[in-house]
**Student:** 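First, the structure itself, so that you have it in front of you.
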Amino acid sequence: MTQTTFGYLTPENAPLFTDLYELRMAQTYYNQNHNPKATFSLFFRDLPENRGYMVAAGLEQAIHFIQNISFGDRALDFLDQQGFDSSFLSHLESLEFSGEVRALPEGTPVFANEPMLEVTAPILQAQLLETVLINQIGFQTLIATKASRMRDVIDRQGDGQRLVDFGSRRSHGTDAGIKAARAAYIGGFAGSSNTAAGELFGVPVFGTMAHSWVQSFESERESFETFVAEHGADSILLIDTYDTVRGAQLAEDVADDAGVDVRGVRLDSGDLPALSQEVDEVTPDLDQYISSGIDEYAIQEFFERDGVGVGFGPGTALVTSTDSPKVEGVYKLVAVQRDGEMRPTMKLSTGKLTYPGAKSVRRIEEDDEYVRDIVGLRDESLSGEEQLVTVIENGKRVTELPDLEEIRETARDRRQRIPETVRQIENPESYTVEISDGLQKETEELQTELEQRINE
């Protein structure tokens, strides 16, 4: 009988989370003694649709991977089966990252063409990191941004309503579910329904009840009474299994009979703004939590239609970023050592031209609002505050990563500094990102040089 597997990464097989061509290049770098120091830059060429900004996330997992990459017996045995050289496998067995990583701290707003992370290391080491870095940083940044947009709508139009992630069951896999919960917390959510996210990352966890609980009893009243008897004041009762308004009245009756001030009721179907008003009319003392089809657009409509609620439970739209479900992060070689010096390099591909060299990202602020960014050469003298921080140097962590609460606070504070027109959930204005004179000159000169070299 075929052995089953759940299909998740462990420290033993995590180094294999890379594309085969990375390993083939790595073997060739090693066998051909071509392992110069190189700098790779991870960035987004364009922002997703209706996104005026993104919220950097996923750095902690990226750094953990880099510092703990280790090819043990399980990974090496598999690569041996794939035909890799024994001498190369011996090299991988002793591989440790020895380079430098500079990155945007999590929670930092980021815009198109700004490096989120730069790796400088022997090219064999840096090359192997491409897949996992794009994966971890790209996905969490996408979800943190989606969460931030919902939080921003509430901050500007609501009354401090709480957001809780309900999306794990609709996420694209278990890893996506827990990472989405973490990213949503960074973006301003209060927590998640997923208990694994609570155990792994310290994300606060919340829960109510399902329709199946109500349906499993002879009567809705009995289901509420039994739940309240077990959970007391911590109860949130789901009232829309049969008739929402009647369910609300029943929830209030059960709470009164038990002498318990329950936390509230949840609405999960129907015309939510209208139903929430009806529920508020008959049970004004019960807090309402709203779920089903929730995203930033639904929240905005809820407020515009005077819906009543103290919290929202976004699910599918959050964890899949339904309205704009992808961000195309790239990890490109921008400098390589030749003749003992780091030389800038770039792609000339149509539509995929890259800016050469290690970078600096400077942010200029006036009256507590971001005005513009400047992307320049790393050692260029520029105005504004540097956004990239050196996290790893000579293979060792040199910067303490903040905890999740600090990251969440950073994201909140910095989101509020983005111009409101850039934060609009539809047709946001573009934030100004300038290319410095030095970087523009470097780009033009190198482009000319490369085109001449190609035509020789």
Side-chain angles (χ1 to χ4, degrees), residues 44 47-48 50-60 103-112 114 116 137 140-165 182-191 203-204 294-300 302-304 310-312 314 318 321 323-324 327 361-375 383-389 401-434:
F44 307 136
L47 299 188
N50 274 333
R51 301 299 189 264
Y53 69 99
M54 302 292 282
V55 178
L59 179 63
E60 179 182 329
L104 294 180
E106 292 189 87
T108 302
V110 60
F111 305 93
E114 295 185 339
M116 298 185 67
I137 291 176
Q140 288 200 56
T141 296
L142 181 71
I143 304 306
T145 304
K146 183 71 172 176
S148 177
R149 286 159 58 83
M150 296 188 213
R151 182 72 260 164
D152 193 49
V153 169
I154 292 172
D155 288 348
R156 288 188 285 116
Q157 297 179 239
D159 189 27
Q161 284 85 351
R162 174 180 288 180
L163 287 161
V164 175
D165 155 43
R182 180 183 187 273
Y185 193 68
I186 289 172
F189 273 47
V203 174
I294 300 298
D295 63 6
E296 60 269 48
Y297 306 104
I299 293 170
Q300 182 170 268
F302 189 86
F303 292 144
E304 289 172 349
V310 300
F312 298 96
L318 167 70
S321 189
D323 70 310
S324 195
V327 57
V361 179
R362 298 299 183 102
R363 185 153 292 160
I364 297 171
E365 184 176 346
E366 295 177 2
D367 299 323
D368 295 326
E369 183 172 273
Y370 297 141
V371 176
R372 68 183 187 279
D373 286 6
I374 305 172
V375 179
S383 58
E385 182 180 355
E386 178 63 64
Q387 300 299 294
L388 293 169
V389 174
L401 295 179
D403 64 27
L404 204 55
E405 294 295 335
E406 292 178 80
I407 295 169
R408 186 169 179 263
E409 182 61 27
T410 294
R412 184 198 67 81
D413 175 70
R414 297 185 181 183
R415 177 181 66 246
Q416 294 172 345
R417 297 171 188 268
I418 301 170
E420 190 168 320
T421 54
V422 176
R423 302 189 335 250
Q424 292 174 174
I425 62 173
E426 292 186 275
N427 303 313
E429 290 187 4
S430 295
Y431 180 77
T432 300
V433 178
E434 300 174 354

**Student:** Please list, chain by chain and in numerical order, all residues satisfying salt bridge (Lys or Arg N to Asp or Glu O under 4.0 Å) with Glu386, sequence neighbours excluded.
**Tutor:**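 Partners of Glu386 under the salt bridge (Lys or Arg N to Asp or Glu O under 4.0 Å) test: Arg362.
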**Student:** Would you please indicate if the ring centroids of Phe44 and Phe111 are separated by under 6.0 Å?
**Tutor:** no
**Student:** Answer yes or no: are there more than 12 heavy-atom neighbours, outside Glu304 itself, under 6.0 Å from its atom CD?
**Tutor:** yes
**Student:** Ignoring hydrogens and geometry, is there a side-chain-to-backbone donor-acceptor pair from Arg149 to Ile425 under 3.5 Å?
**Tutor:**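 Yes, Arg149 side chain to Ile425 backbone: donor-acceptor pair under 3.5 Å.
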**Student:** Give a yes or no on whether a salt bridge exists between Glu60 and Arg182, defined as a side-chain N under 4.0 angstrom from a carboxylate O.
**Tutor:**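 A salt bridge is present here (some side-chain N lies under 4.0 Å from a carboxylate O).
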**Student:** Using a 4.5 Å cut-off on heavy atoms from C-beta on, say whether the side chain of Ile299 contacts that of Ile294.
**Tutor:** yes
**Student:** Under 3.5 Å, is there a donor-acceptor pair between the side chain of Arg414 and the main chain of Val55?
**Tutor:**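 Side chain of Arg414 to backbone of Val55: no pair is present.
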**Student:** Testing the basics here: between Glu106 and Thr410, what is the closest heavy-atom pair and its distance to 0.1 Å?
**Tutor:** O-CG2, 4.0 Å
**Student:** At their closest point, which heavy atom of Phe189 faces which heavy atom of Asp165, and how far apart are they?
**Tutor:**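 Scanning both residues completely, I find the closest heavy atoms to be CD2-N, 3.4 Å.
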**Student:** Without swapping roles, check the side chain of Thr141 against the backbone of Ala57 for a donor-acceptor pair under 3.5 Å.
**Tutor:** yes
**Student:** Output the distance between atom CZ (Arg412) and atom CD1 (Ile186), rounded to the nearest 0.5 Å.
**Tutor:**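 Those atoms lie 15.0 Å apart.
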**Student:** So, are Lys146 and Asp323 salt-bridged, with charged N and O less than 4.0 Å apart?
**Tutor:** yes
**Student:** Is it true that atom CZ of Arg162 has more than 12 heavy atoms of other residues, nucleotides or ligands lying nearer than 6.0 Å?
**Tutor:**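 No, because the 6.0 Å sphere around CZ of Arg162 holds 12 heavy atoms or fewer from other groups.
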**Student:** Hey, what do you get for CG (Asp152) to CD (Glu296), rounding to the nearest 0.5 Å?
**Tutor:**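 Reported to 0.5 Å precision, the distance equals 10.0 Å.
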**Student:** Check whether any side-chain N or O of Gln161 sits under 3.5 Å from a backbone N or O of Asp159 as a donor-acceptor pair, and report yes or no.
**Tutor:**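 Checked: pair present.
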